[in-house]
Amino acid sequence: MKLIDKKGKIFGLINIIDFFVILLIALAIVFGAKRLSKTPSASNAQTKKGIVYMDIIEVKMATVSKVKEGDPLYDYDKGTYLGKIKSVSYEPYKEEVEYQGKFVLAEVPEKFVVHVEMECDIKETEEFYQVGSEQMRVGYQERVKNKNIATFATIMDVKVEG
């Protein structure tokens, strides 16, 4: 008995093109399942108290005045609770400009950087910190909101207590 007969069927049962299509679909399913099963999880991690330090950059005074201690912060997209604002400070926003052949930092009129400390519950894994349902890493931009504001905040540091 030949492997492929005159009609192009493998062992006389299935067309060779159909076989390759079925094989391709099976490989896609296996690859997809493997990729989805490798999603990191913090479900086994213990929740601890911590502080996330974030900067809200290049905003006007209207935004600065609405960021208040004690206010909650939520994830903008999912609406999940992230934590409570512990402290707020601000300074003028500075941008690098060329002056007499050198680059210097110059204040941008009516623009500010807001420094926020947020108290929150943090799950720490080897791969990431999780606050609410969001993964937090230094340098990551998190879109946050509350009753008064909706803005991007850049994570500057994450400290886990205990």
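You'll find the side chain of Lys159 reaches within 4.5 Å of the side chain of Asp157, heavy atoms only. At least one side-chain heavy atom of Asp121 sits less than 4.5 Å from a side-chain heavy atom of Lys49. Under the 4.5 Å side-chain criterion, counting only non-hydrogen atoms from C-beta, Ile155 is in contact with Val52. Within the 4.5 Å cutoff, no side-chain heavy atoms of Ile85 are placed close to those of Met118. Side chains of Val160 and Tyr129 form a contact here, defined as non-hydrogen atoms less than 4.5 Å apart. Residues Val114 and Asp55 fail the side-chain proximity criterion, which asks for heavy atoms closer than 4.5 Å. Using a 4.5 Å heavy-atom threshold, the side chains of His115 and Glu91 count as touching. Contact annotation: the side chain of Met136 approaches that of Leu82 to within less than 4.5 Å [non-hydrogen atoms, C-beta and beyond].
Residues Ile57 and Tyr53 fall into different hydrophobic clusters, defined by Ile, Leu, Val, Met, Phe, Trp and Tyr side chains chained together at heavy-atom separations under 4.5 Å. Hydrophobic clustering (side-chain heavy atoms under 4.5 Å, transitive across Ile, Leu, Val, Met, Phe, Trp, Tyr) groups Phe19 together with Leu27. Hydrophobic clustering (side-chain heavy atoms under 4.5 Å, transitive across Ile, Leu, Val, Met, Phe, Trp, Tyr) keeps Val113 apart from Val64. Under the 4.5 Å side-chain heavy-atom criterion for Ile, Leu, Val, Met, Phe, Trp and Tyr, Val108 and Met61 are members of distinct hydrophobic clusters. Linking Ile, Leu, Val, Met, Phe, Trp and Tyr whenever their side-chain heavy atoms come within less than 4.5 Å leaves Phe152 and Tyr140 in two separate clusters.
Around NZ of Lys84, the count of heavy atoms belonging to other residues, nucleotides or ligands within 6.0 Å does not exceed 12. Atom OH of Tyr90 sits in a sparse spot, with 12 or fewer heavy atoms from other residues, nucleotides or ligands closer than 6.0 Å. By the neighbour-count criterion of 12 heavy atoms within 6.0 Å, atom OH of Tyr76 is sparsely surrounded, having that number or fewer from other residues, nucleotides or ligands. Summarising the local packing, CD of Gln141 is surrounded by more than 12 heavy atoms from other residues, nucleotides or ligands at distances under 6.0 Å.
Summarising the geometry of Val138 relative to Met156, their closest heavy-atom pair is CG1-O, 3.5 Å, with the distance given to 0.1 Å. Heavy atoms only, all atoms of each residue included: Gly83 and Cys120 are closest at CA-CB, 4.0 Å. Across Gly50 and Ile122, no two heavy atoms sit closer than the pair CA-CD1, 3.7 Å. Taking each heavy atom of Gly79 and Tyr74 in turn, the nearest pair found is O-CD2, 3.7 Å.
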| request: Output, in order, the C-alpha distance, side-chain angles, deciding distance and verdict of side-chain contact (heavy atoms from CB on, under 4.5 Å) for Gln130 and Thr47. | output: CA-CA 9 Å; Gln130 182 174 325; Thr47 302; over 6 Å; no
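One distance of note links CD of Glu161 with NZ of Lys48; it measures 11.0 Å at 0.5 Å rounding.
For residues 60-81, every residue pair satisfying the salt bridge (Lys or Arg N to Asp or Glu O under 4.0 Å) rule, not counting sequence neighbours, is listed here: Lys78-Glu134.
For Phe112 and Tyr93, the ring centers are positioned 6.0 Å apart or more.
Side-chain atoms of Thr63 never come within 3.5 Å of backbone atoms of Val59 as a donor-acceptor pair (strictly under, hydrogens ignored).
In summary, the side chains of Gln135 and Arg137 do present a donor paired with an acceptor at a separation below 3.5 Å, with no hydrogens or angles considered.
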